Number of protein chains: 2
Amino acid sequence: MIKNKVKVFRVGNNWTQADLASQLNISRQAVISIEKYKYLPSLELAFKIAKVFNSQIEEVFYEEEE
Amino acid sequence: MIKNKVKVFRVGNNWTQADLASQLNISRQAVISIEKYKYLPSLELAFKIAKVFNSQIEEVFYEEEE
DNA sequence: TATCAATGTAACACCTACTTTACTAAATGT
DNA sequence: ACATTTAGTAAAGTAGGTGTTACATTGATA
């Protein structure tokens, strides 16, 4: 399973879900869905997310069993 | 635009598209479609691709203007 | 030239990422 | 208590990724 640290990064930057959504040009629901693992973002969106957090994709998304 | 070096890595390993496809458990057409930019792979598939090439996602996929 | 392996194209179907809208709920402050 | 902000759920729709099947093309080699 591919997990992520989106919420960790987001809260670390003091951003609300709406803040992050507008920076990514996606809906707030998309942010919620990613944080709550309702679905995996596309590769393109994963790139954008890593970018706004000044990180590599692997720092934000990572594989973990279970 | 998100480009990739899948073909470079694949040929570097002396793998045919069919070889790579079977290692990734996807169809040969999916490999073709990614190499020819018919579509972007999902994040999960991008992870698998980076893995079979013993690389980071950013080494295989990268953003480039135009 | 005939054959075979590797690569490519096209069409169809399916699933899922993502949007939009609307509503609920929890937390915080006044 | 009330209002506001933030987070969460749910349903319907659109777009695009992915699989499948079938056929075409190129290149190498016998």
Side-chain angles (χ1 to χ4, degrees):
Chain A
M1 181 199 189
I2 297 183
K3 296 201 167 180
N4 71 69
K5 297 178 187 152
V6 170
K7 187 170 188 172
V8 175
F9 276 96
R10 176 176 63 77
V11 172
N13 284 11
N14 256 326
W15 293 341
T16 67
Q17 293 173 332
D19 290 335
L20 177 56
S22 76
Q23 288 198 57
L24 295 169
N25 272 316
I26 62 174
S27 66
R28 188 173 60 88
Q29 283 66 20
V31 172
I32 293 175
S33 298
I34 292 164
E35 290 189 354
K36 309 284 290 185
Y37 297 109
K38 293 184 66 179
Y39 60 70
L40 261 187
S42 66
L43 179 59
E44 187 173 18
L45 183 48
F47 261 94
K48 287 185 192 168
I49 292 173
K51 197 171 188 181
V52 301
F53 292 143
N54 292 310
S55 303
Q56 297 277 108
I57 288 188
E58 272 94 350
E59 298 177 64
V60 183
F61 297 91
Y62 58 100
E63 283 188 320
E64 188 171 292
E65 49 289 342
E66 166 213 2
Chain B
M1 182 198 188
I2 297 184
K3 296 203 168 180
N4 70 70
K5 297 176 189 153
V6 170
K7 186 169 189 173
V8 175
F9 277 95
R10 176 176 63 77
V11 173
N13 284 11
N14 257 325
W15 293 342
T16 67
Q17 293 173 332
D19 291 336
L20 178 56
S22 74
Q23 289 198 56
L24 295 170
N25 272 316
I26 61 174
S27 66
R28 188 171 61 86
Q29 284 68 17
V31 172
I32 292 174
S33 298
I34 292 163
E35 290 188 353
K36 307 287 288 187
Y37 298 109
K38 292 184 67 180
Y39 61 70
L40 259 188
S42 65
L43 179 59
E44 186 173 18
L45 183 49
F47 261 94
K48 288 185 191 169
I49 292 173
K51 197 171 188 179
V52 302
F53 291 144
N54 293 309
S55 303
Q56 297 276 108
I57 289 188
E58 271 95 350
E59 298 177 65
V60 184
F61 297 90
Y62 57 99
E63 284 188 321
E64 188 170 293
E65 50 288 342
E66 168 215 357

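Chain letters run A, B, ... following the sequence lines, proteins first, then strands; residues in each count from 1. All of these numbers come straight from a predicted model, not from anything done at the bench. Atoms considered below: every heavy atom in the structure, side chains included; atoms not considered: hydrogens, waters and symmetry mates.
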| task | Kindly write out the residues that satisfy side chain to side chain contact (heavy atoms under 4.5 Å, CB included) with A/Lys5, not counting sequence neighbours, or none if the list is empty. | result | A/Val8, A/Phe9, A/Tyr62
| message | Quick one, A/Glu59 with A/Phe53, criterion side-chain contact (heavy atoms from CB on, under 4.5 Å). Give me CA distance, side-chain angles, the key distance, then yes/no. | response | CA-CA 10 Å; A/Glu59 298 177 64; A/Phe53 292 143; over 6 Å; no
| request: Check the hydrophobic clustering (I, L, V, M, F, W, Y; side-chain heavy atoms under 4.5 Å; chains of links allowed) and say if A/Tyr39 and B/Leu40 are grouped together. | output: yes
| request: Go through the structure and list residues passing side chain to side chain contact (heavy atoms under 4.5 Å, CB included) with A/Gln29, not counting sequence neighbours. | output: A/Ser27
| field | First and last nucleotide of DNA chain C, 5' to 3', lying under 4.0 Å from heavy atoms of chain B | value | C/dA6 to C/dA10
| request: Could you check which residues of residues 4-20 of chain B get a heavy atom under 4.0 Å from DNA chain C? Sort them by number, please. | output: B/Lys7, B/Arg10, B/Thr16, B/Gln17
| remark: When rounded to the nearest 0.5 Å, the distance separating CD of A/Gln17 from OG of A/Ser22 is 12.5 Å
| Between atom CD1 of B/Ile49 and atom CD1 of B/Ile26, what is the distance when rounded to the nearest 0.5 Å? | 6.0 Å
| query | Are B/Ile32 and B/Leu24 grouped together when hydrophobic residues (ILVMFWY) are joined by side-chain heavy atoms under 4.5 angstrom apart? | reply | no
| In residues 24-42 of chain A, what residues come within less than 4.0 Å of DNA chain D, judged by heavy atoms? | A/Arg28, A/Gln29, A/Ile32, A/Lys36
| message | Once side chain to side chain contact (heavy atoms under 4.5 Å, CB included) is applied, do any residues pair with A/Lys7, and if so which ones, sequence neighbours excluded? | response | A/Arg10, A/Val11, A/Glu35
| query | How many angstroms lie between atom CD of A/Glu44 and atom CZ of B/Phe61, to the nearest 0.5 angstrom? | reply | 13.0 Å
| Okay, side chain of B/Asn4, backbone of B/Val6: is any donor-acceptor separation there less than 3.5 Å? | yes
